[in-house]
Structure formats: C-alpha cells, structure tokens
There are 2 protein chains.
Amino acid sequence: MKSSLDEDDRIWRALGDPVRRKMLDVLADGPQTTGAMVGRFEPLCRTAVMKHLDVLVRARLVMVKREGRVRWNHFNPVPIDRICGRWLDAHRRRRSAALNRLKRVVEAPVVGETEIAKEKVKQ
Amino acid sequence: MKSSLDEDDRIWRALGDPVRRKMLDVLADGPQTTGAMVGRFEPLCRTAVMKHLDVLVRARLVMVKREGRVRWNHFNPVPIDRICGRWLDAHRRRRSAALNRLKRVVEAPVVGETEIAKEKVKQ
DNA sequence: TCTACGTGTCACCATATAGTGACATGAAAA
DNA sequence: TTTTCATGTCACTATATGGTGACACGTAGA
C-alpha cells in the first residue's frame, strides 16, 4: 500500500527537523494556539512556525481544531508510536545478530570513515 | 550536553530519508561492502550511495571496517533503540492525556488545515 | 612489474527546504 | 459599522540536500 508508505515518509521527514520535534514536545504538554506557538519559538517568524505546523499536520502528528478566529493545535501521539514500534519490531530479531557481528568488528580498530564523515563529526 | 543533542539530531536527520532507512534495512540483515550496496540501490550512482552511507556513519548508525581495499558497512542498532526508546518514554506519561484531549476534539469535525496541507495530503 | 578494481574525493547542478516580509481574510470587540 | 487581531496565503531569497561525472589513490591479482 503506497499511501501508507508515503504516510510513514511524511512522519519520518517531519521528525527530521529539531524545531518540529521541539514543537511536538511543547504540544505534548497540551494544545496550543498558533499564536502561542509563535511566541514560544522566537526568534522564528510566524510564517516559519506555521510552515512547520503544516508539515506536522500533513504527517498527522498534529490535529487542528478551529474555534472562531483561533486555531488550536493538538499533538497526536499515535503515528510516533506506530513508527517507533514498527521499526523496533522489525529490528528486534536481527538486533542480537547485528550486535554480535558488531562486537566482533569493534574489537579490531574501526576506522575508515570518509574524510567528510570525520570532519563533520568533529564539528 | 550539547554534543548528545547534536548526535540525536544527526540520527533523526539520517532517518528522515527513505533511501537511508532502506539501507539500514538491508544492513540489518548483514554487513555489506560499499560496492554491493551500490549494486542493490540502482539506479543511484556510487557517489550518491556513498554520501548516504556517510550520513549514516556520522549518525553512528553504520560502523565501517576496512579489509584491504574493501570496506564493510555494519548496521549499529543501538542509536535507533535509544532514540525510539527515549521518545516513547518521554511521551508515555503524556500520551493518555493527549489521547483523551484528542478524542474530545475529534468528536467535533476536525478541519482547518491550511490549503498547503490539504493539497499535499491529496497527492 | 603492470593492470584492474574498489574506494575516496572533488566540482558542479537541480531541487527541496527553511526562512522572511507583505498582503488578504474573517471573526471578535469597540 | 469600524477596528483589531489571529490566522491564511503569496512571492521571494538563501541555504541545504540529493544526485552525477570525472579524477585520484591504494591494494590485489596477472
């Protein structure tokens, strides 16, 4: 089912940005109006905050309820649970084998990351 | 500790790309040489595959072991477990409250996503 | 030795994304 | 009604990212 994969993709990509993860942390403590979110995420401008919220809405990580001219943003924990659960389940069986292989490898010095990788890790 | 946050950030961002998630799936079944990975991810060019691998190495999701002129890429499941576990733990307490609030909201029609969101969800 | 091959790196392009200011809309309050 | 305010949308810029081809390097094998 392609739409489901796209849905997962939207969720992962939404979680890829630290600002959006912080937004979910805030919303997890309780729903917030868009204006309140703007206030919490200075110095970002309102449009930037709304774009991030839109990405979260597209991923169904945030549900919107309008009340007059105010918009309430609600955190929806279901997609995260699904994603994390699916990933952990998928790797649970392979995890021990992978760890054993890794242990054997790590005993020998693990080097050979590309220069790009070394450099960026330093920063 | 800032470095830890940066580390988490690298992990989330690495997982944000579907190609890289697929790569982890492949590597979870067993280590692969870079060349073998290139073969598995056609029609991507070698450089693209190596860039993705570099991102995964930076996030410590892939460990590298060199053997002569061959490079073996090993999947490291630890960071994913840590990340997913932390999120699930952090949200576990708030989850039930958030779900209850959501249920109340969802009873009323949930509308009001921006046009951008509606449009992109359609696609 | 010389050759072939796997890998590392560089320069470059196209697109996606984060961010901003300005303007439009619609509901609440004066 | 008029004004105010929260929100929605648009046009635009700058940077990050994914992707490619070409070249360099070092090791294994002929």
Side-chain angles (χ1 to χ4, degrees), chain A residues 6 9-10 12-23 31-59 62-74 110-121 123, chain B residues 6 9-10 12-23 31-59 62-74 110-121 123:
Chain A
D6 289 6
D9 199 17
R10 274 196 290 266
W12 282 112
R13 215 184 310 241
L15 294 176
D17 187 285
V19 172
R20 288 192 286 266
R21 290 198 302 280
K22 185 79 179 294
M23 285 182 161
Q32 300 282 335
T33 68
T34 302
M37 289 297 282
V38 174
R40 277 175 172 267
F41 283 86
E42 278 176 316
L44 264 62
C45 76
R46 190 174 56 85
T47 311
V49 171
M50 287 190 63
K51 276 193 184 181
H52 283 302
L53 284 173
D54 280 338
V55 173
L56 293 171
V57 168
R58 282 175 47 205
V62 166
M63 308 290 274
V64 169
K65 171 82 180 295
R66 299 213 52 182
E67 247 176 45
R69 65 179 171 183
V70 175
R71 158 177 154 168
W72 286 96
N73 302 280
H74 292 256
V110 175
V111 291
E113 299 94 18
T114 66
E115 292 306 317
I116 296 174
K118 283 183 197 166
E119 179 190 318
K120 300 231 174 153
V121 163
Q123 287 170 1
Chain B
D6 289 5
D9 199 15
R10 274 197 289 266
W12 281 112
R13 219 191 303 247
L15 294 175
D17 187 286
V19 172
R20 288 193 286 267
R21 289 199 302 280
K22 185 79 179 295
M23 284 181 162
Q32 300 282 335
T33 69
T34 303
M37 290 297 281
V38 173
R40 277 174 173 268
F41 283 85
E42 278 176 317
L44 264 63
C45 77
R46 190 175 56 87
T47 311
V49 171
M50 288 190 62
K51 277 193 184 178
H52 282 302
L53 283 173
D54 280 338
V55 173
L56 293 171
V57 169
R58 281 176 46 205
V62 166
M63 308 289 273
V64 169
K65 171 83 180 298
R66 298 213 53 183
E67 248 177 44
R69 65 181 172 183
V70 175
R71 158 177 154 167
W72 286 96
N73 302 280
H74 291 255
V110 174
V111 291
E113 300 95 17
T114 66
E115 292 306 317
I116 296 175
K118 282 184 197 166
E119 179 189 319
K120 299 231 174 154
V121 163
Q123 289 170 357

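Below, chains carry the letters A, B, ... as their sequence lines are ordered, and counting in each starts from 1.
Within the structure, every side-chain polar atom (N or O) of H52(A) is placed at least 4.0 Å from both OP1 and OP2 of dT17(C). An OP1 or OP2 oxygen of dG8(D) is reached within less than 4.0 angstrom by a side-chain nitrogen or oxygen of R71(A). Taking side-chain N and O atoms only, R69(A) has no distance below 4.0 Å to OP1 or OP2 of dA29(C). Note on R46(A): every side-chain N or O is 4.0 Å or more away from OP1 and OP2 of dG19(C).
With dT7(D), dG18(D), dA11(D) as the choices, the nucleotide that has an atom nearest any side-chain atom of R66(A) turns out to be dT7(D). With dT7(D), dT20(C), dG19(D) as the choices, the nucleotide that has an atom nearest any side-chain atom of A48(B) turns out to be dG19(D). Side-chain atoms of M50(B) lie closest to dT7(C) of the nucleotides dA11(D), dT7(C), dT20(D). Taking the side chain of K51(A) as heavy atoms from C-beta on, and the options dT20(C), dG18(D), dT7(D), the nearest nucleotide is dT20(C).
The interatomic distance linking R21(B) (CZ) with dG18(D) (C1') rounds to 15 Å, in whole Å. Summarising the geometry, the separation between CG on D9(A) and P on dT17(C) is reported as 10 Å, rounded to the nearest angstrom. In this entry the distance linking CZ of R58(B) with P of dG18(D) reads 10 Å, nearest Å. Regarding D17(A), its CG atom lies at a distance of 13 Å from the C1' atom of dT17(D), rounded to whole Å. One interatomic measurement links the two molecules: CE of M37(B) to P of dG8(C), which rounds to 13 Å at whole-angstrom precision. If you take CZ of F41(A) and P of dG19(C), they are 11 Å apart, rounded to a whole angstrom. In this structure, N73(A) places its CG atom 8 Å from P of dG8(D), rounding to the nearest Å. One interatomic measurement links the two molecules: NZ of K22(B) to C1' of dG18(D), which rounds to 17 Å at whole-angstrom precision.
Formation of a donor-acceptor pair under 3.5 Å by the N73(B) side chain with backbone atoms of Q32(B) is found in this model. The backbone N or O of H52(B) sits nowhere less than 3.5 Å from a side-chain atom of R20(B) that would complete a donor-acceptor pair. At least one donor-acceptor pair closer than 3.5 Å links the side chain of R10(A) to the backbone N or O of R58(A).
T34(B) comes within 4.0 angstrom of the backbone, heavy atoms only, and of no base. Within 4.0 Å (heavy atoms only), P18(A) reaches no atom of the nucleic acid at all.
Heavy-atom nearest nucleotides on DNA chain C were determined for R13(A) and for T33(B), and the one closer to the 5' end corresponds to T33(B). Each of V55(B) and E67(B) has a nearest nucleotide on DNA chain D; the 5'-most of these lies closest to V55(B). A residue-by-residue look at V19(A) and G35(B) shows that G35(B) has its nearest nucleotide of DNA chain C further toward the 5' end.
Using a 4.5 Å heavy-atom threshold, the side chains of D9(B) and R21(A) count as touching. Proximity of H74(B) to V64(B): side-chain heavy atoms (C-beta onward) are nowhere separated by under 4.5 Å. In this structure, M23(A) and V49(A) have side chains that are in contact, with non-hydrogen atoms separated by less than 4.5 Å.
Residue T47(B) places no side-chain atom within donor-acceptor reach of the base of dG8(C), judged by atom type and a 3.5 Å distance cut-off alone.
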